[in-house]
Amino acid sequence: MTEPLLHLLPAADVDHDATVYAPASLEVEGFVPCATVAQVAGMARLLFAGTPQLQLMVIDPRLLDSELRWRDLYGIGQEFPCVYGPIPRRAIVELRPFPPGRGGRWSRPDIAPLT
């Protein structure tokens, strides 16, 4: 079993017809920032406070064409997965709304490991 990678994006940025996902962060920072299931709620609070229309992209890391590296992106002593290239459509196993819960806070999503 493999743990999926998760990537947050505003709902307005979803392009269902694209063959690869290449957000602005790829050009600006050189990678697509991701998180684990345990990290994604904290990442949402840190980066997307006040953004109610988020989408959660579930990625199978085994289907990536680009390098995957782990980095402490926010200087908090915790490493996050980063994809150093576009994400092919075949690696995106799910795309779902990720709204905040009570009090505007996100909670850990219910996502099973990939088989």
Side-chain angles (χ1 to χ4, degrees):
M1 296 225 260
T2 300
E3 184 173 359
L5 303 178
L6 306 176
H7 174 72
L8 295 169
L9 64 154
D13 291 355
V14 174
D15 180 356
H16 293 283
D17 297 325
T19 57
V20 296
Y21 175 69
S25 67
L26 188 56
E27 186 174 322
V28 174
E29 299 170 351
F31 59 87
V32 180
C34 295
T36 64
V37 172
Q39 295 171 323
V40 75
M43 183 182 256
R45 286 190 293 273
L46 181 67
L47 301 176
F48 293 99
T51 308
Q53 299 293 320
L54 283 181
Q55 292 284 304
L56 182 65
M57 182 181 288
V58 181
I59 303 163
D60 186 335
R62 299 169 296 189
L63 301 176
L64 294 172
D65 296 328
S66 302
E67 182 181 5
L68 173 65
R69 283 191 256 165
W70 292 74
R71 297 182 47 200
D72 184 356
L73 297 176
Y74 309 106
I76 59 174
Q78 186 177 64
E79 292 188 334
F80 289 80
C82 300
V83 179
Y84 282 80
I87 297 172
R89 182 79 184 135
R90 70 180 181 283
I92 302 169
V93 296
E94 185 180 0
L95 187 63
R96 67 163 109 160
F98 191 55
R102 286 190 208 137
R105 293 184 57 87
W106 286 273
S107 58
R108 182 181 174 138
D110 183 25
I111 297 177
L114 303 168
T115 54

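Counting from 1, the numbers follow the sequence of the chain as shown. Computed from a predicted structure; not experimentally measured. Only heavy atoms go into these numbers, but all of them, side chains included; no hydrogens, no water, no symmetry mates.
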Gap separating the [atom1] atom of [X] from the [atom2] atom of [Y], nearest 0.5 angstrom:
X: L95; Y: H16; atom1: CG; atom2: NE2; answer: 6.0 Å
X: L6; Y: L56; atom1: CG; atom2: CG; answer: 5.0 Å
X: D17; Y: R89; atom1: CG; atom2: CZ; answer: 9.0 Å
X: D13; Y: L8; atom1: CG; atom2: CG; answer: 11.5 Å
X: R71; Y: Q78; atom1: CZ; atom2: CD; answer: 14.5 Å
X: D60; Y: T115; atom1: CG; atom2: OG1; answer: 9.0 Å

Answer whether the closest heavy-atom distance between the side chains of [X] and [Y] falls below 4.5 Å.
X: R96; Y: I111; answer: yes
X: V20; Y: D65; answer: no
X: I59; Y: Y21; answer: no
X: L26; Y: P86; answer: yes
X: L47; Y: Y74; answer: yes
X: Q55; Y: P97; answer: yes
X: L73; Y: C82; answer: yes
X: T36; Y: L5; answer: no

Give a yes or no answer on whether the side chain of [X] reaches the backbone of [Y] with a donor-acceptor pair at less than 3.5 Å.
X: R45; Y: W106; answer: yes
X: H7; Y: P33; answer: yes
X: Q39; Y: E79; answer: yes

ask   = Taking atom CZ of R105 as the centre, does the number of heavy atoms from other residues, nucleotides or ligands within less than 6.0 Å exceed 12?
value = no

ask   = Taking atom CD of E27 as the centre, does the number of heavy atoms from other residues, nucleotides or ligands within less than 6.0 Å exceed 12?
value = no

Provide the closest heavy-atom pair for [X] versus [Y] in the form atom of the first, atom of the second, distance.
X: S66; Y: V83; answer: CB-CG1, 4.1 Å
X: S25; Y: F31; answer: OG-O, 3.1 Å
X: P113; Y: P4; answer: CA-CD, 4.1 Å

Report whether [X] and [Y] are members of the same hydrophobic cluster (ILVMFWY, side-chain heavy atoms less than 4.5 Å apart, transitive linking).
X: L54; Y: V93; answer: yes
X: I92; Y: V14; answer: yes
X: V32; Y: V28; answer: no
X: L64; Y: V58; answer: no
X: L68; Y: L114; answer: no

query = Please walk me through it: do F98 and F48 pass side-chain contact (heavy atoms from CB on, under 4.5 Å)?
reply = CA-CA 11 Å; F98 191 55; F48 293 99; over 6 Å; no

